[in-house]
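Working notes, beginning with the structure itself.
Letters A, B, ... mirror the listed sequences (proteins, then strands); counts begin at 1. Small disclaimer: the values here were computed from a predicted structure and weren't measured.
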Amino acid sequence: MFYREAGDFKTTYKDDNQTFPIKFDRYRYYFVLFVAFALIPFMLNDYWVNAIFMPFLIYSIAAIGLNILVGYCGQVSLGTGGFMAVGAYACYKFMTGIDIWLGGVQYALPPINIFFSVILAGLVTAIVGALFGLPSLRIKGFYLAVATLAAQFFLVWLFNKWEWAYNFSASGQINAPERGIFGVNVTGPNVDAWAKYLFCLVILTICAVVARNLTRGSVGRKWMAIRDMDIAAEIIGVNPLKAKLSAFAVSSFFIGISGALFFSVYLGAVEVGEAFGINKSFLVLFMVIIGGLGSIFGSFAGAAFLVLLPVLLKNVLVGGLGWPTDLAAHLEFLIVGALIIAFLIAEPHGLAQLWRVAKEKLRLWPFPH
Amino acid sequence: MSNEGYVTADGRKIGGTVMEMKNITLRFGGVKAITDISFDIKQGEIRAIIGPNGAGKSSMLNVISGFYVPQEGEVWYKGSRRPQMRPYEVAQQGIARTFQNIALFEGMTVLDNVMTGRLNHMKTGLFSQAIWKGKAEQEEVANREVVEKVIDFLEIQAIRKTPVSRLPYGLKKRVELARALAAEPSILLLDEPMAGMNVEEKEDMSRFILDVNDEFGTTICLIEHDMGVVMDLSDRVVVMDYGKKIGDGSPDEVRNNQAVIDAYLGVSHD
């Protein structure tokens with residue numbers, strides 16, 4: 001009834017370009033922001049943060065990043081896990097202070113604030129991502145996916161062997177030291193649930209806004225032009241080299257940030273093969289596909305679907321029906337898998353498309369046309 | 001060939017040469033698609049390239065837009081020889097084109113598609129784009145104004161926000177023309193703008209082409225099969241057959257050229 005664009009006249013192109021052109025949508029967005037920032041932090045406990053909010057927030061960032069590459073620019077990548085590892089290890093080095101030997105002299109950087117460590121880790125990953133994006137200039141589709149697998153395996157191997165990357169620790173693991181921002185710890189063993197949550201939420205919000213801004217302007221149109229028809233894109237003046245590499249760089253930037261948070265805030269200690277293996281690449285790719293390619297909202301929806309569904313099922317099966325845990329754990333896989341197939345048959349373009357269709361119906365409701 | 005302009009039959013003044021093709025030869029392996037062709041395009045005229053199927057018309061257009069690199073010959077543009085370029089560099093020099101089989105971006109709306117035509121005019125960097133407020137937004141709005149003028153001009157206001165994939169064929173052709181026009185090109189290349197259209201749509205499209213030429217003074221080079229349309233629209237016509245130029249001149253001259261008549265109607269070989 002109130003979900004209408006009728007009567008809401010736009011008089012400037014600026015108004016017409018808004019992210020949420022419909023008033024109701026806009027207020028809903030402010031409401032979600034309000035709940036996320038002002039209400040949820042007071043209602044959190046450790047279980048909620050660690051089982052639901054941390055993975056949801058962090059995977060959302062990764063999914064936004066991968067969606068820019070796969071959904072907006074049309075370049076398939078299976079290197080997500082490897083790029084997350086780059087983010088994690090870069091963040092670790094920045095947090096603990098980088099030391100470099102040049103000509104026998106040691107130069108040591110002081111540890112950098114955790115917020116900037118995370119951002120810098122994103123930038124390092126962006127450079128690495130752009131490097132591994134170079135093959136995309138020659139190969140497309142499935143073949144590119146296979147080429148990016150090389151990034152996945154190479155990077156995991158690198159962080160296993162390169163002792164400098166894990167500060168020569170005997171276990172080969174990296175452990176997040178205690179670091180904070182504004183005097184509040186966000187990494188290390190003694191962290192309040194709300195602090196972790198807010199830290200990740202702030203970064204996710206920034207990432208989502210930046211992603212939206214990039215995808216609605218000329219850069220985003222270049223990416224989408226390359227995705228839809230690369231020959232035509234080149235004929236209208238898009239430099240394919242710049243467009244593809246910028247997509248790889250921006251995408252890896254977000255993925256690097258998510259990797260940095262995954263290590264420093266969420267897990268605290270990481271062994272590269274376990275945390276950032278090929279499984280992670282597939283998981284994030286599934287989020288993007290289930291959520292909806294080429295949609296920021298879809299990234300959130302996909303992350304929520306794959307993070308929340310297992311938790312929900314576990315609570316229902318074990319807590320609600322009283323089944324034994326091991327049986328429930330196996331059934332969980334079955335049910336999640338079946339649901340993914342069901343969803344993709346119902347709507348191959350993902351949850352975002354379902355949402356879009358629902359909105360289109362709502363606009364007319366209760367009239368059929 | 002002189003570099004001077006001329007006055008058309010309907011009294012429009014045509015300027016000097018914008019683009020000149022000199023002795024272009026294009027081969028694919030052993031096949032000669034274009035053999036030693038020279039012609040020029042003058043400022044503000046509507047230049048047509050015609051010929052039977054397989055004559056090499058589209059290849060010629062692809063040479064102009066930088067998609068094919070000819071083995072021999074030179075392309076002169078605005079008074080200087082054009083070095084070998086990638087297609088996007090040619091586009092950045094102000095040459096826009098449409099395609100025989102529509103090459104729109106199916107996943108985007110009409111508005112976004114037409115906005116892609118403005119990409120060469122949008123210069124803000126990645127960083128200001130990410131912040132959006134300020135430079136990027138101003139640029140977006142300024143370019144949107146240009147695009148809206150083109151949308152008004154081609155009468156596609158109603159489908160602005162419709163995804164291109166939902167449009168019928170005739171409208172897609174029009175959107176593609178809009179995208180090329182939005183670039184404000186100095187030369188507009190149209191590859192069979194009327195292919196597959198009914199009479200009414202052809203009339204519409206012809207009107208648009210004339211209006212574009214008239215209102216923006218855009219130089220147009222087009223390929224078309226419909227002889228009636230070509231003869232009515234164009235100021236000068238190049239006729240190709242089997243990759244060779246067999247005629248060049250005003251529609252009337254071409255119509256009475258014996259080689260052209262032979263190519264189109266066939267000639268007995270006994």
Side-chain angles (χ1 to χ4, degrees), chain A residues 5 10 12-19 21 68 71-74 123 126 206-243 245-247 249-250 253-254 293-295 349 353 356 360, chain B residues 62 65-67 86-99 102-108 111-113 115-133 136-145 147-148 160-161 164-165 176 179-180 182-183 185 189:
Chain A
E5 54 216 327
K10 306 283 189 287
T12 61
Y13 292 134
K14 203 169 141 182
D15 283 348
D16 194 43
N17 263 343
Q18 292 177 90
T19 307
I68 283 180
Y72 283 96
C73 198
L123 290 177
I206 297 173
C207 286
V209 170
V210 166
R212 163 68 188 157
N213 286 345
L214 285 176
T215 49
R216 69 169 155 179
S218 58
V219 178
R221 287 198 197 97
K222 278 180 193 168
W223 292 339
M224 290 189 273
I226 290 281
R227 169 194 70 188
D228 285 347
M229 196 177 271
D230 49 357
I231 292 175
E234 198 172 349
I235 291 271
I236 62 165
V238 177
N239 182 343
L241 174 95
K242 274 194 194 166
L245 288 192
S246 65
V250 171
F253 175 72
F254 290 130
L293 291 166
S295 153
H349 297 291
Q353 183 65 18
R356 230 171 274 146
E360 246 170 65
Chain B
N62 282 333
S65 62
F67 204 66
R86 307 279 306 162
Y88 67 88
E89 293 169 316
V90 173
Q92 285 162 3
Q93 284 203 328
I95 296 178
R97 69 169 290 179
T98 65
F99 292 81
I102 301 161
L104 286 170
F105 306 122
E106 296 274 326
M108 298 154 81
L111 181 63
D112 274 333
N113 264 282
M115 284 294 281
T116 57
R118 297 295 300 169
L119 284 176
N120 289 329
H121 300 262
M122 298 174 85
K123 302 282 181 223
T124 55
L126 203 65
F127 193 69
S128 12
Q129 292 267 324
I131 295 171
W132 190 253
K133 288 283 161 215
E137 190 168 37
Q138 283 161 15
E139 188 187 61
E140 175 88 7
V141 169
N143 283 291
R144 175 83 187 269
E145 269 162 29
V147 162
E148 286 293 339
R160 220 189 247 120
K161 300 257 165 112
V164 163
S165 50
E176 204 187 12
R179 183 179 70 188
L189 308 172

- Query: After noting the C-alpha distance and the side-chain angles of B:Ile131 and A:Asn213, does the key distance pass the side-chain contact (heavy atoms from CB on, under 4.5 Å) rule?
  - Reply: CA-CA 7 Å; B:Ile131 295 171; A:Asn213 286 345; 5.8 Å; no
- Would you check, one step at a time, whether the test side-chain contact (heavy atoms from CB on, under 4.5 Å) holds for A:Ile231 with B:Phe67? CA-CA 9 Å; A:Ile231 292 175; B:Phe67 204 66; 3.5 Å; yes
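We find the CG-CD1 distance between B:Leu189 and A:Ile235 to be 9.0 Å, quoted to the nearest 0.5 Å. With rounding to the nearest 0.5 angstrom, the CD atom of B:Glu106 is 14.0 Å from the CE atom of A:Met224.
Most heavy-atom pairs under 4.5 Å with chain A: of the set B:Glu145, B:Arg144, B:Gln138, B:Gln92, this distinction falls to B:Arg144. Top candidate by heavy-atom pairs under 4.5 Å with chain B, chosen from A:Ile236, A:Asn239, A:Thr215, is A:Asn239. Contact count against chain B (heavy-atom pairs under 4.5 Å) is highest for A:Leu214 among A:Leu214, A:Val250, A:Val210.
Residue B:Gln93: no heavy atom, backbone or side chain, is found under 4.5 Å from chain A. For a residue to count as touching a neighbouring chain, one of its non-hydrogen atoms must lie under 4.5 Å from one of that chain's; by this rule A:Ala211 does not touch chain B. Only the backbone of B:Ile102 comes within less than 4.5 Å of a heavy atom of chain A; no side-chain atom from C-beta onward does. Within the 4.5 angstrom heavy-atom criterion, no atom of A:Arg212 approaches chain B. The contact between B:Asn120 and chain A is made entirely by side chain atoms (from C-beta outward), counting heavy-atom distances below 4.5 Å.
Heavy-atom minimum distance, B:Arg179 versus A:Ala232: NH2-CB, 4.4 Å. Shortest non-hydrogen contact noted between B:Glu140 and A:Gly217 is OE1-CA, 3.9 Å. Taking each heavy atom of B:Phe105 and A:Met229 in turn, the nearest pair found is CE2-O, 3.6 Å. The shortest non-hydrogen separation linking A:Pro240 to B:Tyr88 is CD-CD2, 3.7 Å. Summarising the geometry of A:Ala225 relative to B:Met108, their closest heavy-atom pair is N-SD, 4.2 Å, with the distance given to 0.1 Å. Across B:Pro87 and A:Glu234, no two heavy atoms sit closer than the pair CD-OE2, 3.4 Å.
Checked options B:Lys123, B:His121, B:Met115, B:Met122; the residue passing with A:Ser218 is B:Met122 (criterion: side chain to side chain contact (heavy atoms under 4.5 Å, CB included)).
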